[in-house]
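Have a look at the structure below, then the notes.
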Amino acid sequence: MGNFARILSGMEDRQRIMELRQLLHRYNQQYYVQNSPEVSDFEFDALMRELSGLEDRHPELYDANSPTQRVGSDLSKGFVQSKHRYPMLSLDNTYNEQEVRDWFQRVSSLLNEDFEVCCELKYDGLSISLIYEDGKLVKAVTRGDGVQGDVVTDNIRTIRCIPLVLQPGSYPESFEIRGEVLMPWTSFERLNAERELSEEPLFANPRNAASGTLKQLNPAVVAQRQLDAYLYYLLGEKLPEDGHYENMMAAANWGFKVSDRMKKCRTIQEVMDYIAYWDTERRNLPVATDGIVLKVNSLRQQQILGFKAKSPRWAIAYKFQAERQLTRLESVSFQVGRTGAVTPVANLEPVQLSGTVVKRATLHNADIIEGLDLHIGDMVYVEKGGEIIPKITEVDLDSRPMLIGDKVRFIDTCPECGAKLIRYPGEAAHYCPNTSSCPPQIKGRIEHFVSRKAMNMDGLGPETIDLFYQAGLVSDIADIYSLTAKDIARMERLGEKSASNILKGIEKSKQVPFERVLYAIGIRFVGETVAKILARSLGSMTAIRNAGLETLTAIDEIGEKIAGSIVSFFGQPANVALVERLTAIGLQMETAGQSEGQGSALAGKSIVISGVFEHHSREEYKELIEKNGGKNVSGISGTTSFVLAGSNMGPSKREKAQSLDIPLVDETEFLKMIGEKPDNTPNNNNELLLPF
């Protein structure tokens with residue numbers, strides 16, 4: 001292809017990329033904000049694939065606000081702090097309706113003129129500030145301490161209801177819009193179900209889950225958790241209206257997800273009617289709410305009312321009382337998970353709570369039981385409030401019978417195998433140490449191993465695994481690979497077709513990448529993220545097995561607790577034998593291409609990155625350092641091996657490096673060190689660059 005033809009083709013690609021981006025932004029808004037999709041999922045996905053292919057062909061047209069960037073990169077980035085242009089103040093809270101009436105009266109007295117109150121639901125999530133310039137999202141900052149917060153723009157871009165680029169409209173050239181990032185009940189329940197299966201700590205409520213998700217360093221994880229957001233406050237110098245309500249309606253027309261449950265009220269009775277209605281109706285909403293926010297609607301009147309030290313006089317938040325019910329404690333049972341953790345569960349007389357019938361509630365651990373002073377037959381208060389997991393919060397001592405039942409005590413031995421329980425220093429949970437022959441632990445480890453995020457073996461659910469276990473066909477995870485079509489087909493509810501599907505899934509699992517194999521074998525405290533970090537840092541099961549505490553804790557995000565668990569796991573001959581069996585079966589026990597890479601070029605070196613680079617991003621350089629055996633460190637010290645120095649390196653870091661006689665290595669020299677040619681980059685070739 002000649003230069004002219006290549007330029008013409010590039011111009012056509014550029015035009016198509018711009019068309020697709022605009023089209024997909026519109027379809028996103030229709031689907032996630034307006035709930036009125038114009039095209040099918042199939043058509044949407046086809047357009048997205050077309051755009052992704054064109055962007056791969058033209059990396060020079062990269063745009064952080066492209067619809068393709070919603071999935072999030074899997075590169076980790078630390079958060080930087082940013083000061084809010086307008087402080088994010090908290091509101092005065094009240095649980096008392098009379099205090100709402102008092103607030104309304106104070107506003108009336110201070111203004112001495114008619115006013116309106118905008119009533120809106122108080123969504124229970126994480127406050128966020130979004131900055132738009134020329135119709136494009138440029139920055140997203142958490143509330144933080146109200147003065148400054150974390151910049152989480154990459155994570156916010158994964159939330160599909162937040163527009164990255166606004167459709168043409170009459171919005172200000174520059175403005176800020178604030179809202180709440182939420183995790184819908186459906187996403188929350190799915191996430192907790194997955195964490196429960198992996199025996200990870202459960203999130204207590206959607207607010208904690210949303211907060212924990214948004215603070216993830218990996219935007220790809222954020223994208224998977226399907227967060228939502230409602231916007232509720234517009235700020236800027238050239239807003240369209242004096243009314244807060246009217247400004248939010250304008251923002252809705254610009255493409256923002258604004259609650260349609262906002263209402264303007266003129267009298268205190270209208271306000272109280274709104275509160276009373278939503279105190280009940282909120283239970284039917286798809287997201288958690290914990291109250292009502294009341295704001296004087298006029299921005300002019302807000303300025304007249306002004307602020308107190310930490311909150312505005314023109315707004316107040318009425319908080320709903322957490323719902324709780326009184327019911328009887330009938331018994332306490334104890335469950336054993338795959339790690340041996342024993343969890344006490346209260347079995348209750350069924351009671352209606354927050355729209356569901358509650359029969360069981362978690363008691364967490366022995367300390368919680370002791371603190372409640374529980375007895376069988378006690379009348380107990382069960383609460384959800386903003387939480388989906390029922391918990392016992394209090395014993396009604398006034399209704400305790402004269403003939404009191406037995407005091408609830410934590411058990412000493414495993415309810416499944418009889419082994420004496422142990423409690424590790426610094427931990428609240430009790431564990432069954434009988435990892436080799438405690439049935440729930442064995443079956444739990446197998447269920448974890450075959451799960452979707454681990455080895456992803458279709459057809460092997462808990463019931464099927466129990467069948468195989470009871471029949472003596474499997475007693476550990478490696479036994480799965482010894483199953484035959486005859487073994488499977490003769491099981492109850494299974495047949496030849498099921499056998500064929502299961503065996504295909506088992507065979508396919510041999511291609512699962514190493515980081516998921518590492519997660520699947522079930523080392524305590526090694527979840528998905530930690531497994532990925534270990535795989536990238538050390539590269540193979542052999543390297544991880546041979547690594548000591550010092551080597552492991554030198555890896556970013558690997559602390560003594562995780563490192564100790566890994567060393568303990570491989571210190572047990574049975575676990576080593578199991579891994580060797582899995583290796584012989586053919587599972588992936590090293591990262592792809594590990595044997596081909598220069599994995600030791602930077603071995604033992606601690607490297608600081610500073611400045612701006614031409615050939616790779618900072619995150620890519622961090623990966624290259626880890627892949628070549630080096631360690632990324634953030635601060636310069638006497639143990640730093642060298643600084644990878646790009647252009648615009650910070651003067652303070654340069655001075656410190658010089659004072660400590662730490663070498664500065666430029667980009668070209670670094671790439672030579674790891675065996676990569678600096679000129680193998682899209683921006684350093686001899687072809688004619690397109691004038692975009």
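Note that the coordinates shown come from a computational prediction; the quantities given were computed from them, not determined experimentally. Just the heavy atoms: all of them, side chains too, but no hydrogens, waters or symmetry mates, feed the values below.
- The pair K672-E669 does not count as a salt bridge, with every side-chain nitrogen at least 4.0 angstrom from each carboxylate oxygen.
- Residues meeting the ring-ring contact (aromatic ring centres under 6.0 Å, His included) test with Y233, sequence neighbours left out: H244.
- For the pair R261 and E120, the minimum side-chain heavy-atom distance is 4.5 Å or more.
- S537 places a side-chain N or O within 3.5 Å of a backbone atom of I533 that can act as its donor or acceptor partner.
- Between S129 and M88 the shortest heavy-atom distance is CB-SD, 4.0 Å.
- Rounded to the nearest 0.5 angstrom, M18 CE and S66 OG are separated by 9.0 Å.
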**Asked** Is there a side chain to side chain contact (heavy atoms under 4.5 Å, CB included) between W314 and L294 once you walk through the steps?
**Response** CA-CA 8 Å; W314 45 263; L294 309 174; over 6 Å; no
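- Summarising the local packing, NZ of K504 is surrounded by 12 or fewer heavy atoms from other residues, nucleotides or ligands at distances under 6.0 Å.
- Taking 4.5 Å as the limit, every side-chain heavy atom of S298 sits out of range of all side-chain heavy atoms of E116.
- The neighbour count for R190 CZ, taken as heavy atoms of other residues, nucleotides or ligands under 6.0 Å away, is above 12.
- Taken to the nearest 0.5 Å, the CG atom of D154 stands 13.5 Å off from the CD atom of Q216.
- You'll find the side chain of H616 reaches within 4.5 Å of the side chain of L624, heavy atoms only.
- Taking CG of L20 as the start and CG of L47 as the end, the distance is 6.0 Å to the nearest 0.5 Å.
- Applying the ring-ring contact (aromatic ring centres under 6.0 Å, His included) definition to pairs two or more places apart or across chains, those involving residues 124-157 are Y132-F175, Y132-F256.
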**Item:** Chi angles and distances behind the side chain to side chain contact (heavy atoms under 4.5 Å, CB included) call for I159, V181
**Value:** CA-CA 9 Å; I159 303 175; V181 173; 3.9 Å; yes
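- The side-chain heavy atoms of Y245 and K263, taken from C-beta on, include no pair separated by under 4.5 Å.
- Contact between N155 and L214 at its shortest, heavy atoms only, is ND2-O, 2.8 Å.
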**Request:** Under the side chain to side chain contact (heavy atoms under 4.5 Å, CB included) rule, what do I609 and K622 come out as? Steps first, then yes or no, please.
**Result:** CA-CA 8 Å; I609 300 176; K622 286 181 180 180; 3.6 Å; yes
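- Cation-pi geometry between K257 and Y230 is met: under 6.0 angstrom from the ring centre, within 45 degrees of the axis.
- H615 places no side-chain N or O within donor-acceptor distance of the main-chain N or O of L671, the cut-off being under 3.5 Å.
- Under the 4.5 Å side-chain criterion, counting only non-hydrogen atoms from C-beta, V222 is in contact with L227.
- Proximity of E194 to K453: side-chain heavy atoms (C-beta onward) are separated by under 4.5 Å at one or more points.
- In this structure, Y171 and D134 approach most closely via the heavy-atom pair CE1-C, 4.4 Å.
- Within a 6.0 Å sphere centred on CD of Q81, other residues, nucleotides and ligands contribute more than 12 heavy atoms.
- Here the closest non-hydrogen pair linking L518 and A535 is CD2-N, 4.4 Å.
- Between E528 and R516 there is no salt bridge, since no side-chain nitrogen of the basic residue lies less than 4.0 Å from a carboxylate oxygen of the acidic one.
- Evaluation of the side-chain hydrogen bond (donor to acceptor under 3.5 Å, both in side chains) rule for N247 yields no partner, not counting sequence neighbours.
- Expressed to the nearest 0.5 Å, how far CG of L235 lies from NE2 of H84 amounts to 11.5 Å.
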**Request:** Starting from the C-alpha separation in whole Å, work towards a yes-or-no answer on side-chain hydrogen bond (donor to acceptor under 3.5 Å, both in side chains) for T213 and R225.
**Result:** CA-CA 8 Å; T213 297; R225 294 187 179 176; 2.9 Å; yes
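- R178 and E176 are joined by a salt bridge, as a carboxylate oxygen and a charged side-chain nitrogen come within less than 4.0 angstrom of each other.
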**Message:** Does Y621 form a side chain to side chain contact (heavy atoms under 4.5 Å, CB included) with E667? I'd like the steps, not just the answer.
**Reply:** CA-CA 10 Å; Y621 274 121; E667 194 172 7; 2.6 Å; yes
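- Residues forming a side-chain hydrogen bond (donor to acceptor under 3.5 Å, both in side chains) with S82 (at least two apart in sequence, or on another chain): K139.
- Nearest heavy-atom pair, W254 versus P172, reported as atom, atom and distance to 0.1 Å: CH2-CD, 3.4 Å.
- Separation of atoms CD1 (I156) and CD1 (I128) is listed at 4.0 Å; rounding is to 0.5 Å.
- Using modelled atom types, one finds a donor on one side chain and an acceptor on the other under 3.5 Å when comparing N297 with E246.
- Taking NZ from K319 and CD1 from I292, the interatomic distance works out to 12.0 Å, rounded to the nearest 0.5 Å.
- Here the shortest heavy-atom pairing between L24 and L51 reads CD1-CD2, 3.7 Å.
- With respect to the salt-bridge test (charged N to carboxylate O, under 4.0 angstrom), the residues D242 and R300 do not qualify.
- Under the 4.5 Å side-chain criterion, counting only non-hydrogen atoms from C-beta, T289 is not in contact with K122.
- Counting heavy atoms from C-beta outward, Y123 and D290 have side chains that stay 4.5 Å or more apart.
- Applying the ring-ring contact (aromatic ring centres under 6.0 Å, His included) test to F115 and every residue at least two apart in sequence or in another chain returns F104.
- For K136, the NZ atom sits in a loose shell: 12 or fewer heavy atoms of surrounding residues, nucleotides or ligands are nearer than 6.0 Å.
- Looking at residues two or more places apart in sequence or on another chain, you find no ring-ring contact (aromatic ring centres under 6.0 Å, His included) involving Y318.
- No donor-acceptor pair closer than 3.5 Å links the side chain of D279 to the backbone N or O of I275.
- Atom CD of Q22 has 12 or fewer heavy atoms from other residues, nucleotides or ligands within 6.0 Å.
- Distance alone, capped at 3.5 Å, is enough to place a donor-acceptor pair between the Q302 side chain and the V296 backbone.
- A donor-acceptor contact closer than 3.5 angstrom links the side chains of E180 and Y232.
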